[in-house]
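Before any comments, here is the structure.
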Amino acid sequence: MNAPVTATKLHDCRDAFAATLEKLAANDDSIVAVCNDSVGSSKLGGFKSRFPDRLVNVGIAEQNMVGVGAGLANGGRLPFVCGASPFLTGRALEQIKADIAYSNANVKLVGISSGMAYGELGPTHHSIEDFAWTRALPNLPVIAPCDRIETAAAVEWAAGYDGPCFLRLSRVGVPDLLPADHKFELGKANLLREGSDVTLIANGTLTHRMMKAAEILGSQGISARVLNMATVRPIDEEAIVAAARETGAIVTAEEHTIFGGLGSAVAEVIVEHAPVPMKRLGVPGIFAPTGSAEFLLDEFGMRPASIAEAALAVIKRK
Amino acid sequence: MEPTELERVARQIRLRDLQAVYEAGAGHIGGEMSVIDILTALYFRVLRVWPDQPRHPERDRFVLSKGHTACALYVALAKRGFIPEEEISTFLQPHSRLNGHPNNNKVPGVETNTGPLGHGLPVAVGMAKAAKLSGAKYHTYVVTGDGEMQEGSNWEAIMAAAQFGLDNLTLVIDHNRFQQGAALADTNDLAPLRPKLEAFGWDVTEINGNAMSEIVPALEHRGSRPHCIVAHTNKGHGISFMQDRVDWHHKVPSKEQYDLAVAELSEAI
């Protein structure tokens, strides 16, 4: 709790993913990395040089990639299936449903460059629907770590978890937020900052923006709670209900469309268990214009100052 | 089991499948009749499997990618001892684990969930690749429909299998020449299949897929590349009025038709 937001150095979480996977693979021969010609973008170059036989590159063929992952798991391997999130989740969604989730294949899906990481490349390369698509599926935990520490912890957790999961990673730099010894717990939000007037809930690249927004609010005498909610499914109902009851107002922010993502998941809990004023920040249901991820997050009202303004507006509705 | 004995078992499976579809009032009987000889050869001759240890690490893998013919698979699994034979009567009933497409979490002997077409072959490629990585000696078999080969995911997997050198993988294409709505020739004709697979780097064998004497040696063939068996079959094989008729893809026989079909299959037994 109240982790420092003073860290300013930004880190690409893919490096933590790759380093952790290599560390695990060194001790577990069953770990294989499966990719779709994405060795570079998935940061699997180190894995490839250390474990060349255990890098299964199927070429540009995402449907086959996911199916192959399911088969590798059936044959006793522990596959991490890595690809750009828009193509992994969009192109191969039916494989994720039937071969992975419904078949309960012990496959770790790793969506790289999710959200608007490929901002300038345009909406075909934005992955701002992947929470909605994947969280609709039973038996598939959906996880978006907020920093390199949580990324490493989530990869370690995934390797030990007996079942499928979807790790949603970015390539946009984020500062350290969690303590170095952080252990990932599925479905458990992390209280990063205590507060009583409003709760800011985010994951992935938005958590650090929420922390900065909370500081701005603090300077104005508003006490904002910050929850890092990496797990979108199963959602931490207990933390959400407590936040609603104890702070009376909720703001969510995500690098995702506001339809069906983290904000929707939080809203579902609030509406059923503790209705309070709420604002969902994210991409407002459009194909985003050209610009970097950081530019687009600012553009869509997720600059820390804008988040703080949204929080004040929600507090007024109490 | 020798071919003549396998033929007897195949006829028994056809009869039980027919009865199950008739009683359930639904099923995919045409494609079941075409594939039953292949299933019989696999389960009663070729596959190294242990019904009391359905997850044995060294078991041969079998994937029925044309999952809509699940009823035929259930009957074969029951006769082989994976599930009780009397359970076939629950096919498609509320809460039965024997639904219209196989569920690996509920039915022992089922390896992966199929139903949407074009899924089984990629998974089978992963199974065969896993054996290459671990050194396991099992062989992987997968059966697809011929219409199913219109799915692009299959060709992704076909390329990967050749690239990975999967000589421990056998694909059987149940080439009955009909898909749900029409003949392949009138829809998206893939024939001839052999040169296509050969061009993709596979060994190809063409057989009569309803003749046990040809099915068994083809399944037992081992080479240095992935192996495709183009099994020329007849939709509705074994029941005269269903044979090669597209409307028997998922039609259910009337009482009169059922009695006639039972008589034909019983006579053959």
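Note on naming: letters A, B, ... go to the chains in the order of the sequence lines (proteins, then strands), and numbering restarts at 1 for each one. If you're wondering where the values come from, they're calculated on a predicted model, not measured in any experiment.
- Residues B:A130 and A:L72 approach most closely at N-CD2, 3.6 Å, considering heavy atoms.
- Proximity to chain B at a heavy-atom threshold of 4.5 Å picks out nothing from residues 121-130 of chain A.
- For A:D29, no part lies near chain B; criterion is any non-hydrogen pair under 4.5 Å.
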Taking it one step at a time, do A:Q63 and B:H119 satisfy side-chain hydrogen bond (donor to acceptor under 3.5 Å, both in side chains)?
CA-CA 8 Å; A:Q63 298 176 66; B:H119 283 243; over 6 Å; no

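- Rounding to the nearest 0.5 Å places CG of B:N113 at 8.5 Å from CG of A:D99.
- Summarising the local packing, CD of A:E268 is surrounded by more than 12 heavy atoms from other residues, nucleotides or ligands at distances under 6.0 Å.
- Scanning residues 102-115 of chain A against chain B with a 4.5 Å heavy-atom cutoff picks out A:Y102, A:S103, A:N104, ordered by number.
- Residue B:Q163 places its CD atom among 12 or fewer non-hydrogen atoms of other residues, nucleotides or ligands, all under 6.0 Å distant.
- Per-residue counts of heavy-atom pairs under 4.5 Å with chain A were compared for B:N103, B:V63, B:T114, B:T112; the largest is that of B:N103.
- Using a 4.5 Å cut-off between heavy atoms, A:V34 does not touch chain B at all.
- The environment of CD in B:E198 is crowded: more than 12 heavy-atom neighbours from other residues, nucleotides or ligands sit within 6.0 Å.
- Ranked by heavy-atom pairs under 4.5 Å with chain A, the list B:H101, B:R55, B:K129 is led by B:K129.
- Contacts of B:E111 with chain A are made by both backbone and side-chain atoms, with heavy-atom separations under 4.5 Å.
- Atom NZ of A:K48 has 12 or fewer heavy atoms from other residues, nucleotides or ligands within 6.0 Å.
- Other residues, nucleotides and ligands contribute more than 12 heavy atoms inside 6.0 Å of the NZ atom of B:K79.
- Under the side-chain hydrogen bond (donor to acceptor under 3.5 Å, both in side chains) criterion, A:R54 pairs with no residue at all, not counting sequence neighbours.
- Across every non-hydrogen atom of B:P116 and A:A98, the tightest pair is CG-CB, 4.0 Å.
- For B:R61 (side chain) and A:N74 (main-chain N/O), a donor-acceptor pair under 3.5 Å exists by modelled atom type.
- Proximity to chain A among residues 132-162 of chain B is limited to B:L133, B:S134, B:Y138, B:S153, B:E156, B:A157, B:A160, judged by heavy-atom separations below 4.5 angstrom.
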